[in-house]
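Computed from a prediction, not measured in an experiment: that's the story for all the values here. In what follows, chains are A, B, ... by sequence order, proteins preceding strands, each numbered from 1.
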2 protein chains.
Amino acid sequence: MPRVPSSSRITIEDVAKRAGLSTATVSRVMNQTGPVSKESVRRVQLAVSELHYKPNLAAKQLASQKNNMLGLLLDEISGDFFPPMLRGMETGAREAGYDLLIATMRGGSYAVGPHNTDGILVFDTSLDEAQLRKLDAESFPMVLLYRPPPRGLQIPYVAFENKDGARAMTDHLIEQCGYQRIAFLRGPSDNQDSYWRERGYRESLEAHGIAFHSDLLATGDFDDEIAYKVVRQWVGEGLTVDAIFAGDDESAIGTILALRDAGLRVPEDIAVVGFDDSPSSRHLTPPLTTVRAPIEQTGFEAVKQLISLIEKGAAQPEILLPTEIIIRESCGYKARRLP
Amino acid sequence: MPRVPSSSRITIEDVAKRAGLSTATVSRVMNQTGPVSKESVRRVQLAVSELHYKPNLAAKQLASQKNNMLGLLLDEISGDFFPPMLRGMETGAREAGYDLLIATMRGGSYAVGPHNTDGILVFDTSLDEAQLRKLDAESFPMVLLYRPPPRGLQIPYVAFENKDGARAMTDHLIEQCGYQRIAFLRGPSDNQDSYWRERGYRESLEAHGIAFHSDLLATGDFDDEIAYKVVRQWVGEGLTVDAIFAGDDESAIGTILALRDAGLRVPEDIAVVGFDDSPSSRHLTPPLTTVRAPIEQTGFEAVKQLISLIEKGAAQPEILLPTEIIIRESCGYKARRLP
DNA sequence: TCATGGGCTGTAAACGTTTACAGCCCAACG
DNA sequence: CGTTGGGCTGTAAACGTTTACAGCCCATGA
């Protein structure tokens, strides 16, 4: 099998020769920089398409001192959020002429940084505070996703309205569905999302003059099995409740299962709602009422801010995208109206 | 806000100076190419870590005529298969020192090609035959995922054992569960996966001496809503059947819903099985018996083959990874044994 | 007529690596 | 002692762009 150089053999020089111009002019046409006569533009374009010329990226990057490359740092590729988030980023990057490099943590270090990207998107806790500080000290462009910067650092971040979403959902449970005793299943204690969702829940309670009971609060850890155990225990203890607000859809799944295994009907005996609107939530029995987070827009906004930071040197310090509550059947609202 | 060059300022020259050696030697140490004395290695390593030197990727690529970059082409970022597939690819690429560039089709062309990558992974039908032929003519390294090359082209491809999986599942339905009348819901007519799954289904029938009835075959199109309609119609026509083998999990979801809405119990009245083992399949009611496709390994294998093609000039023409059948409750097998 | 200046173009020096080539030193060998 | 050769090192020429700078041409105005 013959070996052929993998990189395209046609260079800007070939184009220049064919068009009867210099490489400088060809470059100016390609990048729309500097003044070029119409005739030259035409000839360059012709030569380019005849030769199928594609500029060599590496040379371009080296000469222009710009990578046109964004890095995405995360510790693992998985989860329902990933495809939409990446889709949003890809769209944003592409529109601005950037490429996206994905790097997962391995061996304690990432394969992206100032040497091969113009800036990075830091997903959640994929970078610890020390690393963040170090990059910030070099004033390397970064934007954080789903988590605010550590104290003292001015790094833009984008996330969504966890608190408002949880509050709206709790409002719905109280106002539309008429529930009073509403339990909340929070996530891991160091989780920002969990913190704000709980805040939203409490604020709604307070706004409606409903006292907060700490025995209606437990940790489901954003995990279906842990949530299952917690709920089974609640039921075993004879806890009475109108509804359970699970901090995320995972724990809502565990909750529904636990209730059903305990012989309770959802939503007739106890209503259940979740948070995230993960793909499986609409196929649950009953279909889950939940809060939809604008994951895709979140990714899109993040690259938009990052590019602004790279090109203009500034970005909005904080962007919180609005959530939307999705009413299906597990909250008992529709069921109550239809009959 | 001060602008700072985004690319790392420390060059190989700085390292060389600090180590009291030439750039050539530093390069040799960095890339483990050519003979270098222990003492020099030590000094270079010291200088590198003191200066936090990271080689500029663009310069490296330009000089070495190697991009160390793989492209992944797909028409859309979505679906349950995506995260595991990407995870597999990322692992494989990283192990071999390559980076991964993701490109979705937009405006009829992709942002990756010979000018910025050493080879590409072509997902399913993201590239049409003409484009494939063109790249093949330039002998640009490619590997195909989930679909064989068009007639006459020698492009390696990796997929999984659709036929064997479907056959094993049908065997299970017949042998373990004791069903005889088994319907099959196929996917889109031009879909390779669908074609082989149907083949597996038919082969199993034949091997067990069960006649194939064309009225037990319909098109669910790998879509839950279409499957829903088809199954409702079947039920309306009074079709009697022991089990329905849905061509994928999506259509299995539609099938279960249709059956339930028609007042039929799954699996007591009619068993249902799917294909893919998508994340939501285990949370369905009842949990879905299905075939697990080794998506992650598939991604891993694909980059392995691609890299072999790039570096050694050859790869295995066809790799079919084995599937595994996952028995849960929708097939009625466990339910039958437990009581 | 000549000076001015704007539009367009070309020359050539970067950019930060890799690597062919040549050269040095020293041990081993005749 | 002179030659050989292997291990190690340095010099400098690529790699394919961008872009500062200089220069040309020609229309314009004095």
Checklist entry - Pick the nucleotide of DNA chain D nearest each of B:Ser64 and B:Glu39; which residue has the one closer to the 5' end? => result B:Glu39
Next on the checklist: Closest-nucleotide mapping onto DNA chain D: is B:Leu62 or B:Ser37 further toward the 5' terminus? I mean the 5' end.
Outcome noted: B:Ser37
Can you see if the side chain of [X] gets near the phosphate of [N] - specifically, an N or O under 4.0 Å from OP1 or OP2?
X: B:Gln65; N: D:dA14; answer: no
X: A:Ser27; N: D:dT17; answer: no
X: A:Asn56; N: D:dC15; answer: no
X: A:Ser40; N: C:dT9; answer: yes
X: A:Thr25; N: C:dG10; answer: yes
X: A:Thr11; N: D:dG16; answer: no

Expressed as a whole number of angstroms, how long is the span from [X]:[atom1] to [N]:[atom2]?
X: B:Asn67; N: D:dT17; atom1: CG; atom2: P; answer: 12 Å
X: A:Arg43; N: C:dG10; atom1: CZ; atom2: C1'; answer: 14 Å
X: B:Gln61; N: D:dT17; atom1: CD; atom2: P; answer: 13 Å
X: B:Arg42; N: D:dC8; atom1: CZ; atom2: P; answer: 16 Å
X: A:Asn31; N: D:dG16; atom1: CG; atom2: P; answer: 17 Å
X: B:Asp14; N: C:dT17; atom1: CG; atom2: P; answer: 9 Å
X: B:Leu57; N: D:dC15; atom1: CG; atom2: C1'; answer: 15 Å
X: A:Gln32; N: D:dT18; atom1: CD; atom2: P; answer: 13 Å

Which nucleotide sits closest to the side chain of [X]: [options]?
X: B:Ala63; options: D:dT9, C:dG10, C:dT18; value: C:dT18
X: A:Ile12; options: D:dT17, D:dT9, C:dT9; value: D:dT17
X: A:Arg28; options: D:dT9, C:dT17, C:dG10; value: C:dG10

Checklist entry - Ion pair present between A:Arg87 and A:Glu90, side-chain N to carboxylate O less than 4.0 angstrom? => result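 Result for this pair is no, no salt bridge flagged.
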Would you check if the side chain of [X] reaches a backbone N or O of [Y] as a donor-acceptor pair within less than 3.5 Å?
X: A:Ser126; Y: A:Phe123; answer: yes
X: B:Ser37; Y: B:Ser40; answer: yes
X: B:Thr25; Y: B:Leu21; answer: no
X: A:Asp118; Y: A:Asn68; answer: yes

Item to check | Neighbour count >12 (heavy atoms, 6.0 Å) for atom CD, A:Glu39 | outcome: yes
Item to check | Crowding at CD, B:Glu13 (>12 non-hydrogen neighbours, <6.0 Å) | outcome: no
Checklist entry - With sugar-phosphate meaning primed atoms plus P, OP1 and OP2, does A:Pro55 contact a base, only sugar-phosphate, or nothing at under 4.0 Å between heavy atoms? => result sugar-phosphate
Next on the checklist: Base, sugar-phosphate or nothing for B:Leu21? Non-hydrogen atoms, less than 4.0 Å.
Outcome noted: sugar-phosphate
Item to check | 5' precedence on DNA chain C between A:Gly34 and A:Thr23 (nearest-nucleotide basis) | outcome: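 It is A:Gly34 whose nearest nucleotide is closer to the 5' end.
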Checklist entry - Do you see a donor-acceptor pair shorter than 3.5 Å between the side chains of B:Tyr157 and B:Glu318? => result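 Yes, because at least one side-chain N or O of B:Tyr157 sits under 3.5 Å from a partner of the opposite role on B:Glu318.
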Next on the checklist: Rounding to 10°, can you tell me the angle the first-five-pair axis of the helix from C:dT1-D:dA30 to C:dG30-D:dC1 makes with its last-five-pair axis?
Outcome noted: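 Rounded to the nearest 10 degrees, the bend comes out at 50°.
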